[in-house]
Protein chains: 2
Amino acid sequence: MDEIDRNLVVALQENGAAGLAELSKVAGLSVSATAERVKRLEERAVIRGWRIDLDPIAAGCPLLAFVFVAMRPGASDAGFADAMRGHEAVLECHTVTGAWCFLLKLRLADIAALEDFVSTKVRAQPGVERTETILALASPKETAILPVAEAEEE
Amino acid sequence: MDEIDRNLVVALQENGAAGLAELSKVAGLSVSATAERVKRLEERAVIRGWRIDLDPIAAGCPLLAFVFVAMRPGASDAGFADAMRGHEAVLECHTVTGAWCFLLKLRLADIAALEDFVSTKVRAQPGVERTETILALASPKETAILPVAEAEEE
DNA sequence: GGTGAAAAAGTCACCGC
DNA sequence: GCGGTGACTTTTTCACC
């Protein structure tokens with residue numbers, strides 16, 4: 001992960017459809033050397049996959065909600081996490097510091113779908129003690145583009 | 001946005017590097033008709049862009065934190081949102097229901113960077129009254145793949 | 001890591017339904 | 001109007017330097 005790799009990864013985060021010709025300019029290398037770099041980044045799982053950035057409204061899931069979950073002491077956190085992993089509506093499931101055990105990020109069609117999901121899929125899970133749901137009213141920023149730091153060369 | 005478009009979008013969320021040959025099988029159309037579909041999805045901004053899914057650890061931002069922000073009454077929410085938009089470390093900035101005004105999702109290198117960011121970039125913003133920072137200890141699930149619902153045909 | 005030719009994929013004008 | 005066909009063009013891949 002040297003300076004060239006970082007430049008490639010930054011360029012590909014902005015435009016994953018960039019061709020090798022364009023990327024080779026970013027890298028300052030030939031097309032074949034650039035192709036080799038990208039292939040190695042995939043092999044090392046620095047690049048975990050290729051995605052499209054999809055409009056949530058067009059996708060039919062305009063409602064964004066965060067749900068905090070507290071588990072009863074002794075309950076199976078792993079079981080809960082596994083159950084959440086299986087739901088498409090759960091974009092993220094984190095274990096967190098503070099008063100709660102989990103923080104979920106949900107995308108759903110509407111409030112009715114949220115109500116149904118929280119009561120039948122979240123609160124119905126064994127070990128769940130308490131939940132708190134927070135709705136996003138607007139999202140001035142929502143990106144999956146990560147900051148790329150100058151880290152130690154590998 | 002008919003059934004074929006939805007199938008294409010689902011396939012492209014899983015593998016944005018899928019070629020038109022592969023996509024045409026998903027769509028049940030010829031390569032050229034598939035290419036036309038994908039182009040129209042881009043033109044209508046259903047597909048907003050093409051991205052790579054980058055490993056946060058390799059990118060040098062392993063630390064994930066959520067920060068709640070409360071603003072003083074009368075403070076400029078738009079000004080705060082604009083400031084947050086400008087920071088790479090701020091992946092998301094939402095206005096939310098409940099006791100807080102904003103919820104930020106941050107990715108940073110380490111605790112020291114978080115401490116610096118929250119004090120100099122967030123709490124230093126005009127109008128900020130109170131903040132609460134929550135750390136993610138683990139992330140059993142973190143994806144940008146949206147559920148695609150059967151919505152009204154356009 | 002660069003070069004260049006072969007292979008593959010994407011693009012586009014035209015045809016047919 | 002929407003999709004299929006086939007030729008043309010661009011991009012990617014790969015053996016060799």
Side-chain angles (χ1 to χ4, degrees), chain A residues 1-60 144-146 148-154, chain B residues 1-55 57-60 143-146 148-154:
Chain A
M1 198 69 183
D2 60 7
E3 185 63 29
I4 294 175
D5 283 336
R6 277 194 295 277
N7 289 340
L8 284 173
V9 149
V10 167
L12 283 170
Q13 283 201 114
E14 279 160 23
N15 178 18
L20 291 171
E22 186 179 329
L23 289 173
S24 66
K25 284 174 208 154
V26 171
L29 296 172
S30 69
V31 170
S32 69
T34 306
E36 168 102 23
R37 289 268 187 167
V38 173
K39 206 172 101 191
R40 267 200 78 223
L41 287 167
E42 287 189 77
E43 282 165 3
R44 289 190 293 155
V46 173
I47 295 174
R48 298 189 293 194
W50 303 77
R51 305 270 182 274
I52 51 170
D53 177 5
L54 189 64
D55 175 18
I57 297 175
I145 297 177
L146 304 180
V148 178
E150 305 108 46
E152 63 286 1
E153 318 247 327
E154 183 181 313
Chain B
M1 200 65 185
D2 60 8
E3 186 63 29
I4 294 174
D5 284 336
R6 278 194 294 277
N7 289 340
L8 284 174
V9 149
V10 167
L12 284 169
Q13 282 201 115
E14 280 161 21
N15 177 18
L20 290 171
E22 186 179 331
L23 289 173
S24 66
K25 284 175 208 155
V26 171
L29 296 172
S30 70
V31 169
S32 70
T34 306
E36 169 104 24
R37 290 268 186 168
V38 174
K39 207 172 101 191
R40 268 200 78 222
L41 287 167
E42 287 190 78
E43 281 165 2
R44 290 190 292 156
V46 172
I47 296 174
R48 298 189 294 196
W50 303 77
R51 301 271 133 72
I52 50 169
D53 177 5
L54 189 63
D55 176 18
I57 296 173
T143 181
I145 297 177
L146 305 179
V148 178
E150 303 108 46
E152 64 286 3
E153 318 246 327
E154 184 182 309

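Numbers restart at 1 for each chain; the letters A, B, ... are given by sequence-line order, proteins then strands.
- Residues B:R51 and A:L12 are not in side-chain contact: their nearest non-hydrogen atoms beyond the backbone lie 4.5 Å or more apart.
- As a whole-Å value, the separation of B:I4 CD1 from D:dG3 P is 6 Å.
- Between the P atom of D:dT12 and the CG atom of A:L23 lies a distance of 8 Å, rounded to the nearest Å.
- Whole-Å rounding puts the A:E42 CD to D:dT12 P distance at 12 Å.
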TODO: Summarise protein proximity over nucleotides 8-17 of chain C in one line of letters, 5' to 3': B for base, S for sugar-phosphate only, - for none, counting protein heavy atoms closer than 4.0 Å.
DONE: --S-B-----
- [ ] List the steps, then state whether salt bridge (charged side-chain N to carboxylate O under 4.0 Å, His left out) holds for B:R6 with B:E3.
- [x] CA-CA 5 Å; B:R6 278 194 294 277; B:E3 186 63 29; 3.1 Å; yes
Task: Test log, rule side chain to side chain contact (heavy atoms under 4.5 Å, CB included), inputs B:L29 and B:S24 - done: CA-CA 5 Å; B:L29 296 172; B:S24 66; 5.5 Å; no
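- Separation of atoms CG (A:D2) and CG (A:D5) is listed at 4.5 Å; rounding is to 0.5 Å.
- The CG atom of A:L146 sits 8.5 Å away from atom CD1 of B:I52, with the distance rounded to the nearest 0.5 Å.
- Protein atom CG of A:L29 is 14 Å distant from nucleotide atom C1' of C:dT3, rounded to whole Å.
- Rounded to an integer number of Å, the gap from CZ of A:R37 to C1' of D:dT13 is 18 Å.
- Side-chain polar atoms of A:E14 and B:W50 form no donor-acceptor pair below 3.5 angstrom.
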